[in-house]
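The structure appears below as structure tokens.
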Amino acid sequence: MLANTCGLHFRPCYSHAAEFSHSGTCQISLSSYCPRFHAFTKPKLSSLSLLRSKKNGKSLVTRALTNSAEPDSVAASDGIPSSLRPFSVKIPVGDRHILVETGHMGRQASGAVTVTDGETIVYTSVCLADIPSEPSDFFPLFVNYQERFSAAGRTSGGFFKREGRARDHEVLICRLIDRPLRPTMPKGFYHETQILSWVLSYDGLHTPDCLAITAAGIAVALSEVPNSKAVAGVRIGLVNDKFIVNPTTKEMEDSELDLVLAGTDSAILMIEGYGNFLPEEMLLQAVEIGQNAVIAICKEVDALVRERGKPKMLDAIKLPPPQLYEHVEEIAGKELEKVLQIKSKIPRRKALLSLEEKVISILTEEGYVSLDTTSEVLEPIPDLVEDEDEDDEVVVDGEVDEGDVHIKPTTRRPILTLFSVVDVKLVFKEVTSNFLRRRIVEGGIRSDGRTPVEIRPINSRCGLLPRAHGSTLFTRGETQSLAVVTLGDKQMAQRVDNLVDADELKRFYLQYSFPPSCVGEVGRIGAPSRREIGHGTLAERALEPSLPAEDDFPYTIRVESTITESNGSSSMASVCGGSLALQDAGVPIKCPIAGIAMGLVNDTKEFGGDGTPLILSDITGSEDASGDMDFKVAGNETGITAFQMDIKVGGITIPIMREALLQAKDGRKHILAEMLKSSPPPSKRLSQYAPLIHIMKVLPEKINLIIGSGGKKVKSIIEETRVEAIDTQDDGTVKITANDLSSLEKCKAIISNLTMVPTIGDIYRNCEIKTIAAYGVFVEIAPGREGLCHISELSSDWLAKAEDVVKVGDKIDVKVIEVNEKGQLRLSRRALLPEADQDSSSKDNTGNPSRNKAAMQKGSDKSTSKIAGKENMEQSNVQKGVVAASGSSSEDAAKLQKKFIRKEATATKDRPINKEKTKSTSS
């Protein structure tokens, strides 16, 4: 049906009834302002006259209301209806308030609000298509969420600066918005509905995801979408055994729980979260606290809707004819019971398709008469027939004898009823779902022959891919996952660029793939869908608490889960297969993790039960589609690491959730026991093809020695040792990644020598001369570590050039005589020569000039070839001074020697004084 093409408006009403009724008196009034079709507004015509004038023309769609109150959309003096005027309200959430504003932005949308928490602002709009789309069993709801980098005063770090395709983080929030809103939409409403949400401001303290859920729920409630109830969402954290509603980012750093809950004022519609092996009772307490917070928000939203809400499009709801349900059951009922007993998925699906085609053919082409109608006494109707005895009589044209024409009674022919293909398909699916639910409730047996608490057969194989670092093929019933683990260094980490965690590197991530072949169908292969991203994140967060710390296992871990067969619970199969694959790759996990999906038949009284909700363990695909709940729980025997619940009915209560959690715990224990029977079992050691990573700790100030100028040194080490990568951190941590042990050890030795701290007096033997300069030679005392041996320290004799005694490649013994503040080394070969040791150890008290000359040469360690002649002259003068002072006291002679040494040190500024040699010379 078309949406209000004539400008008719009715009283704003927001009903919280679960089902919409078309009965009752509908009051119609004409609005003076219609934002969607303002050009067609005729305020001077009454609604009755307008309807009459259009009776034979274009059909109209009116909006029926069940409220007899006066309309709130009466235009004010400025011509703007009150529903579009700016309005704001503060709603308490936890220990603070959020500000909800409407009428400021997006006034042409069906509903638009801005929600503010601190300095974080989220803007959300809701729009509807004017023309309904083709009927289907899936409500046409589209959600888009975007985090603008300008909200945090940033720009994208990539090449393209404009926001484009939604990132994984944004896709997950889109799912958080979509999943609680979809169950509140009525069946039969086919107008495409689009929800757009933007983060306009972000303060880094208040996260925008839960604000976006609440903003979307308020915008839909204010719009014309005929949803049943208002929806709100909150986050619950657990810090120091205390639950916090909508915690800040700082509080979440210490939280042991991350729970996002959405619902209405009467029930829970969606929960998703992650914990650190959280007990079931703690989770139930968190859910109860979150539900109370949601109820408080929804009550305030209801008041806002009564004040500023738009009329709901109840008249746009189009349902299949009620008699069609009876016809489908009559045609396919008995055969449908037999088909649903087929245990295998593919044969059952083909049988259902064949039966559906038969029903469609009868009801849309051939026509069908109800069995109840044909069994009744048919009313005889008169029929004009000719007398059989007068067949041979010829009647002249224009002359007819009335006595020859007889009236013969006959039965009325039944009128065949035809239905549309879409309606038949919708009804057939719903009837099939009801038959399946009735079979489970009445007989206690599911389609594959299991009881409600029974788990499908489990089989697992590890190490089936020889070149992969770790692999597992996990099979549960007709669901199968191939999990593959790849280990790497920091370069393999996943970069996350969003407002919440700017430039974060994930060392563990799981990627989930669901090809069409896993269900025996043909489909496209391309970028991952939203469902694949959501399932992969759920399995990733389920396994993350079991991983070792980075200091204990410094690898980046990637898990790929490819679904090769699917019949329900494929995400939980990814959890089980991923846990086994991690063990096969040699990752020292804390404990194995298993996952299970739970289902629900809520109203059992309708299907022959006593009214008690029936909970199903390890549901299949058909039970997921026909059931009322999909509750995924992952963890070990004692606690929960991840959970996700989607509701397809009005919602569930805490007691139902408690029973589902306890039943899921028993299921996890059974699955974990079956995982231990894997054949072959996981190897629990590193693969020979996995890279080797070694962690070293050096002084933080030595990191620059490893990197070198412009990274030249680290590149030369990688090229020389053929390692994969060398990663350095500011705190002195060095990670070496190599493919073999020999290259790893070689690189480790080079870095150790580069960053070692030599002390004065250390002696190094057989050191190779690498290069020769005019002022000395550079000697490699260890791989990658060189020092300067000045030309004056090469020999005890004076040298004009270093090549006179050594050449490149020679190996000499050196002694460390100085280490400057930059870590550079000064070496001496002369200090280890025998004649030098002899000269330094001898003492001449008789004033022998030759002995004093040798002592003075050893003390003048700053001399160079350019001042050699001057140095000899000064030494000669000193000798004379010493001889002249031989008759005086020895103290004067010592003072004279010290004076010369200071003078010579100031004259040669290329190197500092060696205090050891000064003392020996002075003596």
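The structure presented is a predicted model; accordingly, all values stated were derived computationally and were not measured.
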Search all heavy atoms of [X] against all heavy atoms of [Y] and return the closest pair with its distance.
X      : Y      : value
Pro226 : Leu314 : CB-CD2, 3.8 Å
Asp630 : Ala597 : OD1-CB, 4.1 Å
Ala660 : Met629 : CB-CE, 4.4 Å

What residues form a salt bridge (charged side-chain N to carboxylate O under 4.0 Å, His left out) with [X], not counting sequence neighbours?
X      : value
Arg96  : Asp117
Arg658 : Glu281
Lys187 : Glu430
Arg437 : Asp628

Donor-acceptor side-chain pairing of [X] and [Y] below 3.5 angstrom:
X      : Y      : answer
Thr641 : Arg541 : no
Lys310 : Ser223 : no
Tyr274 : Glu272 : yes
His169 : Glu147 : yes

Once side chain to side chain donor-acceptor pair (under 3.5 Å) is applied, do any residues pair with [X], and if so which ones, sequence neighbours excluded?
X      : value
Asp618 : Arg456
Thr120 : Asp203
Ser617 : Gln663

side-chain contact (heavy atoms from CB on, under 4.5 Å) between Leu600 and Ile652, worked out = CA-CA 10 Å; Leu600 173 69; Ile652 66 171; 3.7 Å; yes
Which pairs, with at least one residue in residues 282-293 and sequence neighbours excluded, count as a salt bridge (charged side-chain N to carboxylate O under 4.0 Å, His left out)?
->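 Every pair satisfying salt bridge (charged side-chain N to carboxylate O under 4.0 Å, His left out) with a residue in residues 282-293: there are none.
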Who pairs with Ile533 by side-chain contact (heavy atoms from CB on, under 4.5 Å), at least two apart in sequence or on another chain?
->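 With neighbours one apart ignored, the set is Asp168, Val171, Leu172, Pro528, Thr537.
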Ser566: partners by side-chain contact (heavy atoms from CB on, under 4.5 Å), with sequence neighbours left out |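 Result, side-chain contact (heavy atoms from CB on, under 4.5 Å) vs Ser566: Phe514, Cys518, Val519, Ile563, Ser570.
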Intermediate values then yes/no, side-chain contact (heavy atoms from CB on, under 4.5 Å), Val100 and Ser88 | CA-CA 5 Å; Val100 179; Ser88 62; over 6 Å; no
Below 4.5 Å, heavy atoms only, C-beta onward: do [X] and [Y] meet side chain to side chain?
X      : Y      : answer
Ile317 : Tyr190 : no
Val633 : Met645 : no
Ile195 : Ser125 : no

Salt-bridge present ([X], [Y]; N to O < 4.0 Å):
X      : Y      : answer
Arg182 : Asp178 : yes
Lys425 : Glu356 : no
Asp624 : Lys632 : no

Lys/Arg cation over aromatic Tyr202: Arg148, 6.0 Å, 45° cone =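 That pair does not qualify as a cation-pi contact.
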With sequence neighbours left out, write down each residue that passes ring-ring contact (aromatic ring centres under 6.0 Å, His included) with Phe631, or none if nothing qualifies.
->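 Residues passing ring-ring contact (aromatic ring centres under 6.0 Å, His included) with Phe631: none at all.
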Only pairs at least two apart or in different chains count here, so list each side chain to side chain donor-acceptor pair (under 3.5 Å) that has a residue in residues 290-299.
->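 For residues 290-299: none.
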